[in-house]
Amino acid sequence: MADEKQKKISEREIALDILLDMERSRRFSSQALEDGLRKIQFEKKESRAFVSRLVEGTTEYRLQLDTVLDHYAKIPVSKQKPVVRCILRMGLYQMLYMDGVPERAAVSESVRMMRARHLEGLSGVVNGILRSVQRGILSGETGSLIESSLSVKYSTPAWLVERLQKDHGPEMTEKILASSFQERDLTIRCNRNRTSPEALKAFLEKQGIDVRPGRISPMALSVGALDFVRKLPGYREGKFSVQDESSMMTVESLGIREGCRLLDVCAAPGGKSCYAAELGALVTSRDISVEKTDRIRENAERLGLSLTIEEQDAAEPVAEDMGAYDIVLADVPCSGIGVMGRKNDIKYHVTEKSVSELAALGHRILEVSAGYVRSGGRLMFSTCTILREENQEAAEHFLEKHPEFSKVQERQFLQGIDPCDGFYFCLMERNNS
């Protein structure tokens with residue numbers, strides 16, 4: 001029993017270290033969590049799951065947790081020491097959302113962690129705040145705080161809630177926000193050069209993995225959420241790639257023909273480039289840094305695909321490539337609001353200013369990319385966001401400015417409405433001249 005208790009303390013300490021790393025480095029939780037889980041990669045799956053849930057949940061509900069804590073604390077959470085702030089958030093998250101952790105245990109372990117970090121003088125503050133929250137839970141006061149607004153209920157910045165309501169309406173916005181907190185399976189794309197969806201499904205099921213067919217793409221399979229994708233049987237052998245069905249649909253909509261020349265200007269980590277190559281395109285895959293092109297190269301080599309991989313800023317034109325490609329794919333940098341459910345802290349990194357800056361960058365990349373399309377060729381503009389400023393408004397502005405292009409197909413996927421991530425694409429064709 002003592003060993004089990006110590007183990008739980010150790011798991012909480014790892015979770016705390018990961019959250020503190022995020023505070024210091026401003027890294028996304030997925031990156032910090034992956035590094036932190038390596039410390040216990042040989043522990044039982046339950047241990048890794050406990051750490052993952054505690055880190056992800058504390059991060060995802062951060063705005064809500066801070067709202068509740070600020071109500072009961074004399075000093076706002078934002079002004080607390082980082083370690084105190086993280087311990088308070090972790091403790092409150094366990095009290096509200098981890099049924100397997102008794103409230104009294106969440107409080108006592110939070111106090112214990114304060115002492116372990118040599119902050120005995122502040123342990124009474126943590127104890128007092130969390131005990132007040134505990135009384136608030138019993139009286140219903142805490143629940144009322146949580147339900148006070150969509151921003152607090154779904155732990156999403158108020159400006160973003162307002163923007164989503166403007167773009168998609170109140171009812172749709174709540175569905176979108178609610179979907180961010182639902183468990184999501186991992187979606188993989190079968191590498192058609194090495195296996196078939198049916199054969200891959202049978203292979204994974206033999207390994208004891210629950211597998212279901214995709215709901216949009218015939219090459220997609222859905223598997224349970226995993227903390228180490230690279231350990232999934234068949235991954236190292238290149239039998240599949242991790243890719244959402246909305247992204248697969250983007251490539252499938254291109255009308256790729258064997259031997260066509262395709263340029264992917266913002267390609268990392270290479271999912272769309274690799275799928276296009278699997279479908280028979282001659283792919284040139286570019287991104288802005290060596291770090292990004294290395295990720296493309298790693299994926300292509302694992303899948304057994306031959307791509308031309310180049311380091312190039314998509315916003316800067318390459319004169320010798322003008323009119324040289326049958327298909328140009330511009331999956332531009334964006335706010336990423338369509339993948340809030342998978343990147344649970346992206347909503348805290350995005351601001352109104354950054355959305356406008358990203359929309360302007362998207363405009364620039366789309367302008368440059370258009371020049372590479374041959375007469376009669378196709379241009380695909382896509383993002384993993386659901387904000388009109390970055391999507392429909394950008395496409396409309398481009399088409400008004402460039403009558404030589406016409407719209408072929410446009411699709412906005414919305415998480416919580418469609419069975420995939422939020423995603424947008426607009427396929428355009430250059431008129432024959």
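- Using a cut-off of 4.0 Å between Lys/Arg side-chain N and Asp/Glu carboxylate O, Glu174 and Lys153 are scored as salt-bridged.
- Here the closest non-hydrogen pair linking Ala268 and Asp287 is N-OD2, 2.8 Å.
- Here the straight-line distance linking atom CZ of Arg189 with atom CG of Asp244 works out to 12.0 Å at 0.5 Å rounding.
- The side-chain heavy atoms of Leu63 and Ser151, taken from C-beta on, include a pair separated by under 4.5 Å.
- A salt bridge links Arg388 with Glu396: at least one charged nitrogen is closer than 4.0 Å to a carboxylate oxygen.
- No donor-acceptor contact under 3.5 angstrom links the side chains of Glu56 and Tyr61, judged on distance only.
- Counting non-hydrogen atoms of other residues, nucleotides and ligands closer than 6.0 Å to CE of Met172 gives a total of 12 or fewer.
- Using a 4.5 Å cut-off on side-chain heavy atoms (C-beta onward), Glu298 and Pro269 make no contact.
- The pair Arg117-Glu13 meets the salt-bridge criterion, with a side-chain N (NZ, NE, NH1 or NH2) lying under 4.0 Å from an Asp/Glu carboxylate O.
- A salt bridge between Asp345 and Arg62 is absent, with no side-chain N of the basic residue lying under 4.0 Å from a carboxylate O of the acidic one.
- Classification of Arg27 and Asp35 as a salt-bridged pair holds, one side-chain N sitting under 4.0 Å from a carboxylate O.
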Trace of the salt bridge (Lys or Arg N to Asp or Glu O under 4.0 Å) decision for Lys292 with Asp313: CA-CA 11 Å; Lys292 287 179 178 289; Asp313 184 347; over 6 Å; no
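- No salt bridge links Lys343 with Asp421; every basic N to acidic carboxylate O contact stays at or beyond 4.0 Å.
- Looking at Glu429 and Lys407, no side-chain N of the basic residue comes within less than 4.0 Å of a carboxylate O on the acidic one, giving no salt bridge.
- Using a 4.5 Å heavy-atom threshold, the side chains of Val51 and Ile18 count as touching.
- Arg302 has no carboxylate O lying under 4.0 Å from a charged side-chain N of Glu237, or vice versa, which leaves the two without a salt bridge.
- With salt bridges taken as basic N to acidic carboxylate O contacts below 4.0 Å, none links Arg286 and Asp264.
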CA sep, side-chain torsions, deciding dist, call: His363, Phe398, ring pair (Phe, Tyr, Trp, His ring centres under 6.0 Å): CA-CA 8 Å; His363 277 294; Phe398 175 82; 9.0 Å; no
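- Ion pairing of Arg411 with Asp418 is present here, as a side-chain N (NZ or NE/NH1/NH2) and a carboxylate O approach within less than 4.0 Å.
- Between Asn391 and Phe381 the shortest heavy-atom distance is O-CE2, 3.7 Å.
- Annotation for Asp70 and Pro76: closest pair OD1-CA, 3.3 Å, computed over non-hydrogen atoms.
- Under a 4.0 Å N-O distance rule, the pair Arg378/Asp326 does not qualify as a salt bridge.
- Remark: Arg24 CZ is packed, more than 12 non-hydrogen atoms of other residues, nucleotides or ligands lying under 6.0 Å away.
- Within 6.0 Å of the CD atom in Glu171, the count of heavy atoms belonging to other residues, nucleotides or ligands does not exceed 12.
- In this structure, Glu393 and Glu389 approach most closely via the heavy-atom pair OE1-CA, 3.4 Å.
- Summarising the geometry of Phe240 relative to Leu200, their closest heavy-atom pair is CB-CD2, 3.8 Å, with the distance given to 0.1 Å.
- Checked by atom type, the side-chain pair Thr58/Tyr97 shows no donor-acceptor distance below 3.5 Å.
- Contact detail for Arg48 and Leu37: the closest heavy-atom pair is O-CD2, 3.8 Å.
- Using a cut-off of 4.0 Å between Lys/Arg side-chain N and Asp/Glu carboxylate O, Lys201 and Glu205 are scored as salt-bridged.
- Atom CD1 in Ile417 sits 8.5 Å away from atom CD in Gln415 (nearest 0.5 Å).
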